There are 2 protein chains.
Amino acid sequence: MEARIEKIKQALQSQGFKLTPQREATVRVLLENEEDHLSAEDVFMLVKDKAPEIGLATVYRTLELLSELHVLEKMNFGDGVARYDLRNDSTHHHHHHLICVQCGSVDEIMEDWLTPLEVRLDEEYHFQVLDHRLDFQGICHRCNGRGKPAALDRSKTHAPT
Amino acid sequence: MEARIEKIKQALQSQGFKLTPQREATVRVLLENEEDHLSAEDVFMLVKDKAPEIGLATVYRTLELLSELHVLEKMNFGDGVARYDLRNDSTHHHHHHLICVQCGSVDEIMEDWLTPLEVRLDEEYHFQVLDHRLDFQGICHRCNGRGKPAALDRSKTHAPT
DNA sequence: TTAGGTGCAAATCTTTTGCAGAAAG
DNA sequence: CTTTCTGCAAAAGATTTGCACCTAA
């Protein structure tokens, strides 16, 4: 935990930004809720517990800044709010989501299934892939009663609102 | 063109809705700009040429209604506005987008590359896929100077704003 | 002391909604 | 007539911005 904060601190400082108490509180909230896909409002309410004087605008500015530094990923599941996801270290981050149309949950798959496709894109479409995102809409294991699959054991979940 | 409007009219009427002049003008704009991914505002401005008295709220209501009828697909590329895409007939629609981080263009791939993955999702993740969406961020053929690939000849493009 | 940061409130932008009147079956 | 639909204006909700003050190298 501390090591990851230190790393984020360095990412900020390398670009001339500071890890202020407000930013640190925000980062801690993100680290503590890494399994979820929090919205700015979610983060704001959680940060208020640690630093009640913080303003919503500061949270937005922090999330925006961390997104630009590629510490966070800003994403949109179509529910009207942006959600943010910490990127794991320096390794490629793969965004494969299982979005349940019934309960609204979002599970995240940690495997990368797209490398072969990226090769094809380069060769057949002359497109140089920098990042990707893959979302599936459907019925999750909770709603279809088939039980939790072993493959999801290391997944992140964003519970429905 | 007329045949497709007739089909949409039937989709509306089968659910007790009418193809009003405003809705028809909206649908015609969508048909005439099928290669683009228009926002509600885009559609509104184009519809005004045909029917200057139309209100923005009507456009929003029409787009929402057509999305619910699965005539349109509502999507979000992270630029702050919802964009709409006509679905092709009754066949499955595959949403594979090449989003250029440099010029902002969005090309659409019409192939479906994900069927094998959907099988795996069912078997390994107990997730029943209803729909999917795959976005790649990167540098497009226009920006990297490698020329237009033959594979893109039947693609849709949403030009940068 | 100087650039970066913050909180607050106001502003902006997209989208939705209430309402009274219009259109269609 | 009764339901659906429309335009307008107002409202709502998310995000951004202007500004005066603050805080660290």
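By convention in this document, chain letters (A, B, ...) are assigned in the order of the sequence lines, proteins followed by strands, and residues within each chain are numbered from 1. Keep in mind it's a predicted model, so treat the numbers as computed, not measured. All values below come from the heavy atoms of this structure, side chains included, with hydrogens, waters and symmetry mates left out.
No side-chain heavy atom of A/E124 sits under 4.5 Å from any side-chain heavy atom of B/P149. Here the side chains of A/F136 and A/L98 are in contact, with some heavy-atom distance below 4.5 Å.
For DNA chain C, the contact window with chain B, defined by any atom under 4.0 Å from a protein heavy atom, covers C/dT14 to C/dA24 in 5' to 3' order.
A sub-4.0 Å separation between OP1 or OP2 of D/dT16 and a side-chain N or O of A/Y60 is absent.
Between B/R83 and B/D85, no side-chain nitrogen of the basic residue sits less than 4.0 Å from a carboxylate oxygen of the acidic one, so the salt-bridge criterion is not met. Of the charged side-chain nitrogens involved, at least one lies within less than 4.0 Å of a carboxylate oxygen, so that A/D131 and A/R87 count as a salt-bridged pair. Contact check on B/K9 versus B/E24 returns no salt bridge, with no Lys/Arg side-chain nitrogen under 4.0 Å from an Asp/Glu carboxylate oxygen. In this structure, A/R4 pairs ionically with A/E34, as a charged nitrogen and a carboxylate oxygen lie closer than 4.0 Å. Ionic pairing of B/D122 and A/R146 is present here: one or more N-O contacts between side-chain nitrogen and carboxylate oxygen are shorter than 4.0 angstrom.
Rounded to whole angstrom, the span from the CG atom of B/D79 across to the P atom of D/dT16 amounts to 13 Å.
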Less than 3.5 Å apart, which donor and acceptor atoms pair up between the side chains of residues 49-60 of chain A and the rest of the protein, not counting sequence neighbours?
from: A/K50; atom 1: NZ; to: A/E32; atom 2: OE1; distance (Å): 3.2
from: A/K50; atom 1: NZ; to: A/E32; atom 2: OE2; distance (Å): 2.9

Worksheet, complete the sentence: Counting primed atoms, P, OP1 and OP2 as sugar-phosphate and everything else as base, the B/S/- map of nucleotides 1-13 of chain D against protein heavy atoms under 4.0 Å is ---SSBBB-----

